[in-house]
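Worksheet: one structure, shown below.
Remember, it's a predicted structure, so these values are computed and weren't measured experimentally. As the structure lists them, so they are numbered: ligands from 1, and atoms in each ligand from 1.
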Amino acid sequence: MRVVFVGPPGAGKGTQSKLLVDYLAIPHLSTGELLREVIRSGTAVGRTVGPIMAEGKLVPDELVLGVFRERLGRGDCGEGCLLDGVPRTIRQAEAIDEIFAERGEAVDIAIELSVPDAELVRRLNGRGNEPESPRPDDRPEKIPLRLKVYQDQTKPLVDYYQKHGVLRKIDGIGTTEEVFGRIQGAIEAMRSQAGRVTR
Ligand code: AMP
């Protein structure tokens, strides 16, 4: 099963992704993590990407898609994968549909984790104020821009996946277990729908 997570920063995508990849026994593809690896590698690309990420802006589509394509090609995604933090633009969503189509695959479910803005700001402030917070984009002054980038560039994906008939909206308020229970319910409902690819 190929799962996409859509949701603003602070919605809990990272936490829920970890639980879901264990549950479905599929690899976790986080472009944020992959890009942080690129930065650690110290290459010229890493030096380009570092400041963009630190600002909380989006890395150019072609670069992200290159990283994504390379990761998908590693050979462990035959049974599916979970896409965490990608796509983040319509252009990325279309390209990812094409990349999957070349493999005879498709996105089976897009989960929108929905959390009100006030709660997102509260959660992100908590994260950014941790003394040893390792991520510059988690600093409180970056929060408004990251939420705006989500609204302007990523939120349109909700309509995109709705039109493709794969969107499931999940209330992201509650304990980790409560939210995960809702996600499991949506996954199982999708699996039991006739004619769906369930691998
Ligand atoms: P994340 O770990 O998903 O919160 O991503 C951290 C940062 O990496 C983002 O704020 C962007 O700067 C960059 N990034 C991660 N995934 C993407 C993507 N799909 N498209 C553009 N930029 C991305």
Side-chain angles (χ1 to χ4, degrees), residues 2-21 27-74 77 81-100 107 110-115 117 119-130 132-161 172:
R2 275 145 294 270
V3 183
V4 166
F5 253 116
V6 186
K13 291 191 303 291
T15 306
Q16 295 297 333
S17 291
K18 289 195 183 86
L19 296 172
L20 193 52
V21 291
H28 182 185
L29 270 65
S30 155
T31 41
E33 274 309 314
L34 292 167
L35 291 167
R36 283 186 282 277
E37 272 173 32
V38 172
I39 293 175
R40 283 194 291 273
S41 71
T43 57
V45 175
R47 286 192 293 278
T48 309
V49 166
I52 302 175
M53 286 177 69
E55 278 305 303
K57 295 179 183 158
L58 292 188
V59 170
D61 288 336
E62 296 315 314
L63 212 153
V64 171
L65 289 166
V67 166
F68 173 78
R69 194 186 272 277
E70 188 277 325
R71 174 64 189 84
L72 198 65
R74 284 186 211 168
C77 296
C81 53
L82 184 148
L83 274 48
D84 170 11
V86 66
R88 262 177 157 101
T89 64
I90 295 285
R91 162 83 191 103
Q92 290 179 21
E94 288 169 348
I96 284 169
D97 280 350
E98 282 166 25
I99 293 169
F100 277 138
V107 171
I111 297 171
E112 181 198 5
L113 259 188
S114 122
V115 173
D117 270 6
E119 173 64 11
L120 294 174
V121 171
R122 195 187 66 76
R123 291 184 189 180
L124 289 168
N125 268 313
R127 205 152 95 180
N129 285 326
E130 283 166 16
E132 74 288 16
S133 176
R135 287 180 45 179
D137 54 335
D138 272 346
R139 284 202 305 268
E141 65 270 24
K142 306 293 180 207
I143 296 171
L145 177 65
R146 288 176 69 198
L147 291 177
K148 182 170 173 6
V149 166
Y150 176 78
Q151 281 300 327
D152 293 351
Q153 303 198 55
T154 308
K155 190 83 192 290
L157 292 178
V158 170
D159 275 352
Y160 179 89
Y161 286 119

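The closest protein non-hydrogen atom to atom 18 (C) of ligand 1 is R88 CD, 3.5 Å. The protein heavy-atom contact nearest to atom 7 (C) of ligand 1 is M53 CE, 3.7 Å. Scanning the protein for heavy atoms near atom 11 (C) of ligand 1, the closest one is K57 O, 3.4 Å. Scanning the protein for heavy atoms near atom 22 (N) of ligand 1, the closest one is V59 N, 3.1 Å.
Contact annotation: R36 has at least one heavy atom less than 4.0 Å from an atom of ligand 1.
A salt bridge does not link E112 to K13: none of the charged side-chain nitrogens sits closer than 4.0 Å to a carboxylate oxygen. Between D152 and K148, at least one side-chain N (NZ, or NE/NH1/NH2) sits under 4.0 Å from a carboxylate O, which counts as a salt bridge. Using a cutoff of 4.0 Å between basic side-chain nitrogens and carboxylate oxygens, R2 and D97 are not scored as salt-bridged.
In this structure a side-chain-to-backbone donor-acceptor pair under 3.5 Å is present from R123 to G10. R146 places a side-chain N or O within donor-acceptor distance of the main-chain N or O of D137, the cut-off being under 3.5 Å. Put simply, the side chain of E70 never gets that close to the backbone of G66: no donor and acceptor are under 3.5 Å apart.
Contact annotation for Q92 and ligand 1: only side-chain heavy atoms (C-beta onward) come within less than 4.0 Å of the ligand. Residue D137 touches ligand 1 through its side chain alone, judged by heavy-atom distances below 4.0 Å. With a 4.0 Å heavy-atom cut-off, ligand 1 is reached by the side chain of L35 but not by its N, CA, C or O.
Within ligand 1, counting atoms from 1 as listed, the ones closer than 4.0 Å to a heavy atom of V86 are 19 (N).
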Give every donor-acceptor pair under 3.5 Å between a side-chain atom in residues 45-59 and any protein atom, sequence neighbours left out.
from: R47; atom 1: NH1; to: G42; atom 2: O; distance (Å): 2.7
from: T48; atom 1: OG1; to: A44; atom 2: O; distance (Å): 3.0

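For a threshold of 3.5 Å applied to N or O pairs, the pair formed by G85 and ligand 1 contains at least one separation below that value. Backbone and side-chain nitrogen or oxygen atoms of G56 are examined, and none is located within less than 3.5 angstrom of a nitrogen or oxygen of ligand 1.
For the side chain to side chain donor-acceptor pair (under 3.5 Å) test, no residue two or more places apart in sequence or in another chain qualifies with N125.
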